Amino acid sequence: MEMLKGKRAVIFGVANERSIAWAISQALHGQGAEIAFTYAGEILEKRVRPLAEGIGAKIILPCDVTKDEEIDQVFDTLRKEWGGLDILIHAIAFAAKEDLSNPYVQTGRQGFHLALDVSAYSLVVLSRHAAALMEGRKGSILTMTYMGSEKVIPHYNVMGVAKAALEASVRYLAHDLGPKGIRVNAISAGPIKTLAAAGISGFREMLHYSSDRAPLKRNIDAEEVAQAALYLVSDMSSAVTGEVVHVDAGYNIMGM
Ligand code: NAP
């Protein structure tokens, strides 16, 4: 049985075949969902379009989430083409490279604003647009976070602060949108080698450190995140909202 047959999902954050959003796209498609994709710029279109078309996507649009007019365009198209929406996947984050290597105390105003805008505020604006298309459809919104929001992870810096804002936003959005039957959740994933991860200084050490200390004694992969995503966007989690679900081989529970 296809769990998401007849459901329509828009996915923000596929950069290439290693993206967590791509693993989630494949899992949702495998369960019967129809998917619309966005990409963040012309260079990415060359990567995203063939992947998206390969799973039958018909709506593939540019969207830099710092540009309101591009966001409007995406949701106008979804309204015209689909008339409604069931699932929003938000798998977007960005911080300037120097802000992921210098000490956090050196973060400048512009770098702080950029990281918070792209990585946290974007969930708010995308959720507002999505909710307008989810009326009467038991919608589900899912974002991606990392435990650098809860504890200090050297070099994660302003991104940890952005993820803390993102997780708090999940709770406030869940409260606002709950009366409409819309659920909002996050997955806090362990480290996975992707394009975004490559921008974090010392990422390789993070992988070793996590697999040594996690109860399951290993790292995770994007497919495992995608399985948890299926749970969170489907009726299997119909009473779950405002949650941050850790998919990290248990790393976050460790004190020593
Ligand atoms: P990824 O493949 O590089 O995906 C990040 C996506 O964010 C890219 O598609 C990127 O596009 C997009 N993005 C950046 N700035 C944007 C903007 N202004 N407008 C629209 N899109 C923009 O890396 P990923 O690891 O799968 O990341 C997905 C999510 O998972 C992120 O929120 C990340 O923080 C989170 N996460 C990752 C890990 C990990 O270890 N990989 C762990 C926990 C959580 P561009 O390439 O064009 O910038």
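Numbering of ligands and ligand atoms starts at 1, following listing order. For clarity, every value in this text was computed on a predicted model and none was experimentally measured.
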Problem set entry | Qualifying side-chain hydrogen bond (donor to acceptor under 3.5 Å, both in side chains) pairs with a residue from residues 176-196, counting only residues at least two apart or across chains | Glu135-Lys180, Arg183-Ser237
Seminar exercise, completed: Sequence neighbours excluded, the answer for side chain to side chain contact (heavy atoms under 4.5 Å, CB included) partners of Asp248 is His246, Tyr251, Asn252
Exercise. Does a salt bridge link Arg137 with Asp86, judged by any charged N lying under 4.0 Å from a carboxylate O?
Worked result: yes
Distance-only check: which donor-acceptor pairs under 3.5 Å involve side-chain atoms of residues 53-65, not counting sequence neighbours?
from: Asp64; atom 1: OD1; to: Thr66; atom 2: N; distance (Å): 2.9
from: Asp64; atom 1: OD1; to: Thr66; atom 2: OG1; distance (Å): 2.7
from: Asp64; atom 1: OD2; to: Thr66; atom 2: OG1; distance (Å): 3.4

Seminar exercise, completed: At a 4.0 angstrom heavy-atom cut-off, ligand 1 is contacted by Gly13, Val14, Ala15, Ser19, Ile20, Ala40, Leu44, Cys63, Asp64, Val65, Ala91, Ile92, Ala93, Phe94, Val118, Met144, Thr145, Tyr146, Lys163, Ala189, Gly190, Pro191, Ile192, Thr194, Leu195, Ala196, Ala197, Phe203
Problem set entry | Exercise: identify the closest heavy-atom pair between Arg213 and Met254 | O-CG, 3.6 Å
Exercise. Under 30°, 30 to 60°, or over 60°: which ring-plane class applies to Tyr146 and Tyr156, parallel, tilted or perpendicular?
Worked result: perpendicular
